[in-house]
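First comes the structure, then the notes that go with it.
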Amino acid sequence: MRAYDIIKKKRDGGELDEAEIRFIVDGFTAGEIPDYQMSAWLMAVYYMGMSAEETVALTKCMTESGDRLDLSGIKGVKADKHSTGGVGDKTSFIVGPLLAALGVPVAKMSGRGLGHTGGTIDKLACIPGFNVELSKEDFVNNVNDIGMAIASQTGNLAPADKKIYALRDVTATVDSIPLIASSIMSKKLASGADIITLDVKCGSGAFMKDYQGALVLAKTMTDIGRMYGKPTHALVTDMDEPLGHMVGNSMELKEAVRVLSLKDVRSAVAGDRGLARLVEVCVKLITIELMLAEKAVKMGIAAVTGDDALETDKIAEYEARVIEAIENGSGLKKLSEVVERQGGDASYIFEPEKLVVAPIKVPVNAWEDGFLTACRADEVGMTNLILGGGRATKESEIDVSVGVEILKCLGEPVKKGEPFAYIYAADESKVDEAVKRLSGAYEISAVNTAEHKLTTPVVKEYI
Ligand code: URA
């Protein structure tokens with residue numbers, strides 16, 4: 001086999017078999033196929049796409065390129081949730097502890113942030129002492145003992161994806177549905193959970209800018225999961241504006257703690273659009289995982305893989321259980337147990353004011369009366385990056401204390417001279433650029449063309 005022939009076949013619209021895909025993936029991972037040939041192949045895939053069979057084969061080759069976590073030592077049906085990346089996405093800190101509190105073991109492998117999106121592992125660094133480098137033994141024991149563990153993804157989990165992703169990042173080949181689907185699913189499958197729930201973001205802050213693309217990505221990923229015998233469901237959720245009010249590591253963790261501390265969820269979200277969006281996405285994600293996990297406990301994983309339909313008439317009942325687990329404080333307690341077990345200072349969970357927020361608070365004011373009608377959510381993420389809260393390169397150090405607080409959501413009215421957001425900076429010299437960038441991310445119009453955004457952030461359920 002020659003890389004040249006495989007590149008040419010794909011370039012000309014041919015369908016590759018598993019052996020050809022394995023030749024390319026293994027050869028590149030081993031350093032035998034050079035970057036220029038892999039780049040050409042990726043660009044051919046970008047333009048010509050991949051069939052379902054090719055996408056599954058690519059996922060398989062990347063999954064098998066490194067370690068596969070064996071979670072069989074964890075009792076019960078293990079659940080994992082993955083988001084395709086967005087701005088202000090702190091759902092892992094809410095979904096994981098609530099699921100664990102509801103009796104579903106959560107064995108979560110997470111990554112660091114890059115570019116305009118934040119990473120779960122960076123947010124955990126806000127808690128003094130929190131150890132994300134768990135041995136396999138501790139990871140398994142913690143889930144068995146307290147129901148949840150969260151650890152940094154090991155370097156040898158799908159190493160082929162790691163190397164290919166780095167090349168995609170610099171060759172403008174990231175936003176290809178088969179490449180994204182196989183990249184995400186190879187890591188999920190290597191991470192060993194029994195049940196996978198996917199939050200596919202759609203909009204200006206997401207990889208997939210439009211609904212059709214997000215839906216195809218969601219379907220491609222759920223098909224891959226199911227083909228591998230893992231009950232897999234997805235939601236498509238709105239990322240045309242940040243999720244919740246807070247963007248920035250420490251501030252996002254604080255907001256997650258705020259959600260887990262709510263005593264009356266319905267009244268809290270009634271007049272608070274940002275909070276309502278965040279709570280709704282979390283509740284829907286947990287509901288899917290809980291329904292699938294309980295079905296699998298009753299019927300066995302194999303049976304659920306063959307029939308993973310959700311009992312839609314029971315959704316309201318499950319959602320009520322999730323809300324109850326927030327209101328009775330069991331989710332918050334579970335998060336504190338995880339923090340304590342992993343060496344962190346759990347007082348930060350019960351006294352979130354200890355989470356450090358940068359001292360320079362600057363309002364970002366509306367420049368005219370009207371409604372917020374458009375947002376470039378990626379630019380809100382970039383504002384956090386400018387302030388020092390994100391990574392421009394893998395090696396960048398980040399300041400967890402900086403961030404952005406969004407007061408108003410799309411479709412809400414604003415008044416000239418009044419703030420619709422605040423910037424929290426650690427360094428005066430970054431303020432002007434950050435304010436400019438954040439103002440530039442929003443549009444204000446006299447006519448409310450974003451009124452439809454005041455409905456649900458869940459664009460498509462139960463895929
Ligand atoms: N996240 C991933 O892990 N891979 C992609 O290709 C895109 C988002």
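As the structure lists them, so they are numbered: ligands from 1, and atoms in each ligand from 1.
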Ser83-Asp89 side chain donor-acceptor pair, cut-off 3.5 Å = yes

Only one of Arg376, Arg277, Lys453 forms a salt bridge (Lys or Arg N to Asp or Glu O under 4.0 Å) with Asp240, so which one is it?
-> Lys453

Shell of residues surrounding ligand 1, defined by a 4.0 angstrom heavy-atom cut-off that is strict | Tyr165, Arg168, Ile180, Ser183, Ile184, Lys187, Phe207

Would you check if the side chain of Lys460 reaches a backbone N or O of Leu235 as a donor-acceptor pair within less than 3.5 Å?
-> no

Side-chain donor or acceptor of Lys10 paired with backbone N/O of Ile6 under 3.5 Å | no

Validate the cation-pi geometry between Lys201 and Phe207: distance from NZ or CZ to the six-membered ring centre under 6.0 Å, angle to the ring axis within 45°.
-> no

State whether the side chain of Lys90 and the backbone N or O of Met251 hold a donor-acceptor pair below 3.5 Å, judged by distance alone.
-> no

